[in-house]
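We count ligands from 1, going down the list as the structure has it; atoms in each ligand are counted the same way.
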Amino acid sequence: MPSISPPSFTLRRLFLICVASTSFSSSIYAQDLTADQVSTVKQRLQEGAQQSWELGTRAQALTEYDSPSYSVTNGTKVPPPTSSPPGSLDEVFNITKTVLEARTKAFANVTGPQPLVANDGSSADPASIGVAVLLANWTGQGSTDGVDYAGAAQSQLEYLLTQVPRTSDGAISHRVSEVQLWSDFVYMVPPFLAYYGVLSNNQSLVSEAYNQVKLYRQYLGDSSAGGIWKHIVMGSTVPPDPGHWSTGNGWAAAGMLRVQGTIQNSPFPNNFKTEMSDLSNWVTEILNGMYPHLRSDQLFLNYADNNSTFSDAASTALLASAAYRHALLNKVHTQLPNAERSRLALVSPTNSSNSSLGHFDQNMWLTPVVNPHQFGIQGSESPEAQAFVVEMQAAWGDWVRAGSPGASSGTQVRASVGSLSLALLAVIYSVIR
Ligand SMILES: *[C@@H]1O[C@H](CO)[C@@H](O)[C@H](O)[C@H]1NC(C)=O
Ligand SMILES: *[C@@H]1O[C@H](CO)[C@@H](O)[C@H](O)[C@H]1NC(C)=O
Ligand SMILES: *[C@@H]1O[C@H](CO)[C@@H](O)[C@H](O)[C@H]1NC(C)=O
Ligand SMILES: *[C@@H]1O[C@H](CO)[C@@H](O)[C@H](O)[C@H]1NC(C)=O
Ligand SMILES: *[C@@H]1O[C@H](CO)[C@@H](O)[C@H](O)[C@H]1NC(C)=O
Ligand SMILES: *[C@@H]1O[C@H](CO)[C@@H](O)[C@H](O)[C@H]1NC(C)=O
Ligand SMILES: *[C@@H]1O[C@H](CO)[C@@H](O)[C@H](O)[C@H]1NC(C)=O
Ligand SMILES: *[C@@H]1O[C@H](CO)[C@@H](O)[C@H](O)[C@H]1NC(C)=O
Ligand SMILES: *[C@@H]1O[C@H](CO)[C@@H](O)[C@H](O)[C@H]1NC(C)=O
């Protein structure tokens with residue numbers, strides 16, 4: 001029986017530990033959607049997006065993922081260049097062209113300011129397409145396709161500012177028929193006002209974007225629930241929904257980050273220091289209020305603090321995207337480990353021997369999700385959820401390419417354990433061979 005000398009035994013054991021830890025760390029680090037999977041997610045999004053806010057959210061998600069330097073969330077200058085937009089924006093411009101052609105038909109005999117989409121019960125949702133319409137105008141799409149993007153954007157702006165009912169202190173209603181405030185509004189309207197303000201060099205319009213967010217937070221922010229937001233207050237056409245709808249908190253956080261990004265990348269960020277700091281604090285407030293409610297499955301419930309509601313992957317993806325953006329824009333990293341955990345839960349295979357993903361069906365629809373057209377019940381095939389996945393992938397990718405700032409207990413650590421193990425492996429192998 002050959003004797004094993006103690007040092008070599010230790011070395012062999014170390015070697016095995018290193019092999020195990022390297023494959024462990026790389027199997028965790030590899031957990032990401034493939035390019036093909038993301039492209040299928042986008043395909044479902046294209047097929048599903050019909051409603052005004054679905055089109056606006058799709059346009060934003062595609063811009064963030066395919067053309068980051070044209071997105072206000074990426075740290076590149078606003079306004080962008082006027083000439084030679086990249087081909088990666090073609091799908092976004094196809095959305096704006098299709099929407100405006102329908103608008104022209106619908107309002108053929110109508111005068112006065114009108115929204116971007118006709119016959120919408122929401123005064124806010126059509127404006128979600130406004131940023132993309134402004135971008136289409138800015139980059140000269142109208143000179144080749146003859147569509148009046150600037151006119152439509154201006155009409156949408158005037159409609160919001162002069163035709164929509166408001167609270168006595170000036171919050172613009174989310175609904176056309178009466179004053180009703182929804183958390184969704186913060187994603188649909190203030191980013192449009194801010195982008196319009198920067199592109200037209202109108203700082204009072206930028207202030208108005210901030211002011212609307214501030215008013216909405218005053219009505220919807222719920223200090224008795226740790227600062228997370230209620231969904232709907234006032235009015236009655238849709239029954240008010242004082243619950244803390246998780247997607248609504250995601251809409252609010254993501255909308256605020258877009259407003260802040262627009263200002264920060266504008267020519268005049270120094271005139272809005274207080275406003276930017278408020279917006280950043282209000283995003284922190286939502287993320288810090290929401291993440292303690294993350295469940296053991298790493299998903300949020302449809303209503304974050306109501307145990308009789310179901311797990312919802314849609315809001316989970318949107319809030320994760322906000323956490324990565326907050327880290328990039330404001331260097332606030334508190335909730336990154338939680339965002340990483342939930343992203344991994346969404347994109348990881350359930351079964352190590354095949355590639356099926358636990359939170360996507362076989363056609364790459366995210367699941368389980370809230371019904372996108374009935375916020376209290378579970379649904380399937382949600383276009384907005386597909387857009388949130390694209391936004392999460394875009395934000396995570398930007399964050400990784402920026403060097404994963406603040407990843408103190410997430411993948412960064414595992415990655416460095418992995419590379420340390422590889423280095424040790426090489427050393428040990430050379431010793432024991
Ligand atoms: C442009 O949009 C229309 C309407 O949604 C769609 O039918 C068409 O396939 C799109 N074209 C491209 C190139 O994306
Ligand atoms: C606009 O008016 C023309 C002429 O009166 C009519 O033929 C057309 O149907 C109207 N279009 C709409 C969308 O109402
Ligand atoms: C449309 O774009 C042009 C630059 O291409 C710009 O001068 C004009 O102000 C823009 N209009 C709006 C409403 O943004
Ligand atoms: C700037 O936007 C405001 C709306 O907030 C509008 O009343 C004002 O006329 C605009 N100023 C200019 C110079 O266009
Ligand atoms: C919690 O959710 C259930 C199911 O949707 C609902 O009936 C109940 O009213 C909610 N509770 C609270 C406190 O909102
Ligand atoms: C909801 O569930 C969590 C985790 O299971 C538990 O800690 C909490 O007390 C529950 N809350 C209510 C109101 O039942
Ligand atoms: C892959 O694994 C999942 C979950 O274990 C299972 O439902 C599915 O049938 C498997 N697919 C194939 C092609 O074997
Ligand atoms: C995992 O996938 C393999 C290959 O598709 C399949 O044979 C096996 O049954 C799956 N395991 C579980 C637990 O579903
Ligand atoms: C902007 O996007 C590029 C390309 O994805 C990425 O490398 C960079 O980190 C992003 N920057 C920020 C601040 O998001």
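Counting heavy atoms under 4.0 Å from ligand 9, residue A402 touches it through both backbone and side chain. Contact annotation: for L328 versus ligand 9, heavy atoms closer than 4.0 Å belong to the side chain alone.
Salt bridge absent: K42 and E91 never bring a charged side-chain N and a carboxylate O closer than 4.0 Å. Under the 4.0 Å criterion applied to side-chain N and carboxylate O atoms, R217 and D278 are not assigned as salt-bridge partners. A salt bridge does not link R58 with E54: none of the charged nitrogens is closer than 4.0 Å to a carboxylate oxygen. A salt bridge does not link R175 with E178: every distance from a Lys NZ or Arg NE/NH1/NH2 to an Asp or Glu carboxylate oxygen is 4.0 Å or more.
The six-membered or imidazole ring of H373 lies near that of W53, with a centre-to-centre distance under 6.0 Å. Taking the centre of each ring, F272 and Y210 stay at or above the 6.0 Å mark. When ring centroids are compared, W251 and F388 come within the 6.0 Å threshold.
Ranking the protein heavy atoms by distance from atom 9 (O) of ligand 9 puts D398 O, 3.1 Å first. Ranking the protein heavy atoms by distance from atom 10 (C) of ligand 9 puts N74 ND2, 2.5 Å first. Of all protein heavy atoms, the one closest to atom 4 (C) of ligand 9 is R401 NE, 3.7 Å.
Ligand 8 places these atoms under 4.0 Å from at least one heavy atom of S353: 1 (C), 2 (O), 3 (C). Atoms of ligand 3 lying under 4.0 Å from any heavy atom of N137, numbered from 1 in the order shown and given with element: 1 (C), 2 (O), 3 (C), 5 (O), 8 (C), 10 (C), 11 (N), 12 (C), 14 (O). Below 4.0 Å from some heavy atom of L134 lie the following atoms of ligand 3, by number and element: 14 (O). Of all atoms in ligand 9, listed by their number and element, those nearer than 4.0 Å to a heavy atom of P68 are 2 (O), 4 (C), 5 (O). Those atoms of ligand 3 with a heavy atom of Y196 less than 4.0 angstrom away are 13 (C).
Residue contacts with ligand 3: W138 is placed with a nitrogen or oxygen under 3.5 Å of a nitrogen or oxygen of the ligand (distance criterion only).
At a threshold of 4.5 Å between non-hydrogen side-chain atoms, the residues E64 and N74 do not count as touching.
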